[in-house]
Participant: 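So that we are looking at the same thing, I have put the structure below in C-alpha cells.
In what follows, every chain begins at residue 1, and chains take the letters A, B, ... in the order their sequences are listed.
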There are 2 protein chains.
Amino acid sequence: MVFPMKPNLPETHLEAWRRYYVSFWRIFAAIEADLQAAGLPSLSWYDALYELYLAPGRHLRMSELARSALLSRSGLTRLVDKLEKEKLIERKSCPKDGRVQHAVLTEQGVEMLRKIWPVYRAGIAKYFAAHLNEKEAREFARTIGKVATAMEPVCQKAVEAEAAKQA
Amino acid sequence: MVFPMKPNLPETHLEAWRRYYVSFWRIFAAIEADLQAAGLPSLSWYDALYELYLAPGRHLRMSELARSALLSRSGLTRLVDKLEKEKLIERKSCPKDGRVQHAVLTEQGVEMLRKIWPVYRAGIAKYFAAHLNEKEAREFARTIGKVATAMEPVCQKAVEAEAAKQA
DNA sequence: CGGGAAAAGTTGCAGGCGCAACTAAAAGCG
DNA sequence: CGCTTTTAGTTGCGCCTGCAACTTTTCCCG
C-alpha cells in the first residue's frame, strides 16, 4: 500500500508500478553513467538520431521528431541546435511549406550511432536483459507493449486538451 | 533490431526494452501533467515525502533520503530546501554526529501526501494498471522485481567505483 | 482576394538536476 | 594528543528541459 486510503487500485498492480518505477530510474541512471564514462552523448541524443535513422530518407520534420524522441518542441529545437553544431544532422527547410524544417541525419550522425550503440546495448544487456529468460522477456514485452500502445492516444489527447483550452 | 550490428542481445529482450522505455516516459509525462494540472508538486516531491512517511519516526538522514528518492546528494539538498520552505519537512541536526542532518516529515507534509496521492493513484490506474489483469500484474511485478532488486547492488557499485577512482 | 485563425519553429525565462569543489565534523593512527 | 583521512552535507556552475510568448508561413472562409 502506497498510502493509507481506500485503494481502488489493487495491491498487485500497485506493487507492479512501484517496481517498474524504481527499476526504470536505476537502469536509466546506470546506462547514462556508462555513456558518460565512455565520453559519449546521452540517450536523448541517441533517441533523436535513431529515430532519424529509422525514418524513410533519414529525415523528419521537427515536430515529428519531437514526438518520436519524447521531447517538447522547444526541447527538440535546442537538441537539434546541438546536433547540428556537431554535424550529426542538418536542417533543411521544406520547399513545399515554408514553416517546416527537416532534420536530416548525416553520415557522421550514423557514425555516432555506431559508437553509442555498443555501450547502450551492453547496458541494456547487463542491467535489464540479463535478469529475464526468453519466456519472461516475451511475456514482459507483450504486457508492457499493451501499455505502451495504449499511451499513444493519451499523448495525442494531451495535445488536444491544450487546443481545447484555447477555445 | 535497434541497430544493424551483431546482436548479442536477443531480439525478444531488445523489444521488451524498447517498449519498457517508451511506455515509462509516456506514463511518467502523463502523470506529471496531471499533477501540474491539479496544481500539485511533482513526483520528486512525492517520492521524498513518501520515503520519509515510511521511515521509522518519519525521518531520514539526508544521504539515506537521497538514495531512496533516487537523487544525487546535491539534488536532494535543493529539494529539501524547497520542502522545508513549504514547511512540509524540517531539518534537524543530529546531536550524536554534528555532520548529520535529519529530514523530518511534518504534519503538513503528511497532509500534502494525502493531497497528491489520489491524483497519483488515478494516474497509475488510468495509464498503467488499467491495461493489466490480475495475472499479468502479478507476473509483471515478479519479473521486473528481479530487475529492480538486481539493480540495488549496481547503485552501490557506482559509489564504490567513485571511491576506487580516488585510490 | 483579404484578414483572422491555425500551424511550425524558435527564443526568453525559469526550474530541476548532477558534478566538482568546498566546509565542517568525526575517525584513524602514529 | 595532533595530524591526516574520511564522511556528510552544501554551494558554484553549467546543462537540459518545459512553458509561454513570439515570428513566420499557410489555411480557411466570407
Side-chain angles (χ1 to χ4, degrees), chain A residues 25 28-33 35-37 39 41-48 60-67 69-86 89 91-103 155 158-167, chain B residues 25 28-33 35-37 39 41-48 60-67 69-86 89 91-103 155 158-167:
Chain A
W25 284 122
F28 182 73
I31 291 178
E32 288 282 23
L35 287 172
Q36 185 164 347
S42 75
L43 278 185
S44 60
W45 285 39
Y46 181 87
D47 288 342
L60 284 173
R61 303 158 60 128
M62 299 293 281
S63 43
E64 291 172 333
L65 184 53
R67 195 158 35 79
L70 308 165
L71 278 176
S72 70
R73 283 173 311 163
S74 63
L76 185 85
T77 294
R78 311 299 166 79
L79 178 55
V80 165
D81 287 347
K82 291 167 223 151
L83 294 174
E84 193 173 29
K85 198 168 293 177
E86 298 294 325
I89 68 165
R91 267 194 182 86
K92 286 245 169 44
S93 36
C94 178
K96 317 247 178 165
D97 186 335
R99 294 170 299 183
V100 172
Q101 294 276 56
H102 285 264
C155 299
V159 175
E160 286 161 22
E162 205 172 323
K165 216 168 34 180
Q166 302 231 347
Chain B
W25 284 122
F28 183 72
I31 291 177
E32 288 281 23
L35 287 172
Q36 186 163 348
S42 75
L43 278 184
S44 61
W45 285 38
Y46 181 86
D47 289 342
L60 284 172
R61 304 159 60 127
M62 299 294 280
S63 42
E64 291 172 332
L65 184 53
R67 193 158 37 78
L70 308 164
L71 277 176
S72 70
R73 282 173 311 165
S74 64
L76 185 85
T77 294
R78 312 300 166 81
L79 178 55
V80 165
D81 287 347
K82 290 168 224 151
L83 294 173
E84 193 172 30
K85 199 167 294 178
E86 298 295 324
I89 68 165
R91 268 194 181 86
K92 285 245 172 42
S93 37
C94 178
K96 316 248 178 161
D97 185 336
R99 295 170 298 182
V100 172
Q101 294 277 59
H102 284 263
C155 298
V159 175
E160 285 162 23
E162 203 172 323
K165 214 167 38 180
Q166 303 231 347

Participant: Give me the atom names and distance for the closest heavy-atom approach of A/Arg91 to A/Thr77.
Facilitator: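 Minimum heavy-atom contact is NH2-O, 3.5 Å.
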
Participant: With a 4.0 Å cut-off on N to O distance, would you call B/Arg61 and B/Asp97 a salt bridge?
Facilitator: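 So B/Arg61 does not pair with B/Asp97 through a salt bridge.
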
Participant: In whole angstroms, how far is the C1' atom of C/dG18 from the CG atom of A/Leu35?
Facilitator: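 About 15 Å, once rounded to whole Å.
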
Participant: Expressed as a whole number of angstroms, how long is the span from B/His102:NE2 to D/dT10:P?
Facilitator: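 Rounded to the whole Å, the gap is 12 Å.
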
Participant: Can you name the closest pair of heavy atoms from A/His102 and A/Cys94 and give their distance?
Facilitator: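 In this case the closest contact between A/His102 and A/Cys94 is CD2-CB, 3.8 Å.
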
Participant: List the atom of B/Ala66, the atom of B/Ser72, and the distance in Å for their closest heavy-atom pair.
Facilitator: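 Heavy-atom minimum between the residues: CB-O, 4.0 Å.
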
Participant: Examine the base of D/dC19 for any acceptor or donor lying under 3.5 Å from a partner atom in the side chain of A/Ser74, and report the outcome as yes or no.
Facilitator: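 Looking at the base of D/dC19, it does pair with a donor or acceptor on the side chain of A/Ser74 (distance under 3.5 Å).
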
Participant: What integer distance in Å separates A/Lys96:NZ from D/dT24:P?
Facilitator: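 Spelled out: NZ on A/Lys96 to P on D/dT24 is 25 Å.
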
Participant: Is it the case that atom CD in A/Glu32 sees more than 12 heavy atoms from other parts of the structure closer than 6.0 Å?
Facilitator: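 Enclosed: over 12 neighbouring heavy atoms sit under 6.0 Å from CD of A/Glu32.
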
Participant: In the 5'-to-3' direction, what one-character label does each nucleotide of nucleotides 3-8 of chain D receive under the scheme B = base within less than 4.0 Å of a protein heavy atom, S = sugar-phosphate only, - = no such atom?
Facilitator: ----BS

Participant: Report the distance from atom CD of A/Gln36 to atom P of D/dC15, rounded to the nearest whole Å.
Facilitator: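 Answer to the nearest Å: 13 Å.
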
Participant: Does the C/dC17 base have a donor-acceptor partner in the side chain of B/Ser72 within less than 3.5 Å?
Facilitator: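 Side chain to base: no pair below 3.5 Å.
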
Participant: Are any of the side-chain heavy atoms of B/Tyr46 and B/Leu35 separated by less than 4.5 Å?
Facilitator: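 No. Closest side-chain heavy atoms not under 4.5 Å.
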
Participant: Using whole Å, what does the distance between atom P of nucleotide D/dC16 and atom CG of A/Leu70 come to?
Facilitator: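 To the nearest whole Å, that distance equals 17 Å.
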
Participant: Ignoring hydrogens and geometry, is there a side-chain-to-backbone donor-acceptor pair from B/Gln36 to B/Ser42 under 3.5 Å?
Facilitator: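 Not confirmed, B/Gln36 side chain does not pair with B/Ser42 backbone.
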
Participant: Could you state the atom-to-atom distance from CD of B/Glu32 to P of C/dG15 in whole Å?
Facilitator: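 Computing the B/Glu32:CD to C/dG15:P distance gives 16 Å.
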
Participant: What is the minimum heavy-atom distance between A/Ala69 and A/Ala48, and which atoms define it?
Facilitator: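 Scanning both residues, the minimum pair turns out to be CB-CA, 4.2 Å.
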
Participant: Taking NZ from B/Lys92 and C1' from D/dG9, how many angstroms apart are they, rounded to a whole number?
Facilitator: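 B/Lys92 atom NZ is separated from D/dG9 atom C1' by 18 Å.
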
Participant: Scan A/Val80, A/Leu79, A/Leu65 and name whichever one has a side chain to side chain contact (heavy atoms under 4.5 Å, CB included) with A/Leu71.
Facilitator: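 Among A/Val80, A/Leu79, A/Leu65, the one that satisfies the side chain to side chain contact (heavy atoms under 4.5 Å, CB included) with A/Leu71 is A/Leu79.
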
Participant: Could you state the CG-P distance from A/Leu65 to C/dA8, rounded to the nearest angstrom?
Facilitator: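 Distance check: A/Leu65 CG to C/dA8 P gives 14 Å.
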
Participant: Closest-nucleotide mapping onto DNA chain D: is A/Leu71 or B/Arg91 further toward the 5' terminus? I mean the 5' end.
Facilitator: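 The residue whose closest nucleotide sits nearer the 5' end is B/Arg91.
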
Participant: Near DNA chain D, under 4.0 Å by heavy atom, which residues of residues 77-84 of chain A?
Facilitator: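 Here the set is A/Arg78, A/Lys82.
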
Participant: May I ask you to verify if any side-chain N or O of A/Ser44 is less than 4.0 angstrom from the OP1 or OP2 atom of D/dC16?
Facilitator: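 So the side-chain polar atoms of A/Ser44 never come under 4.0 Å of the phosphate oxygens OP1 or OP2 of D/dC16.
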
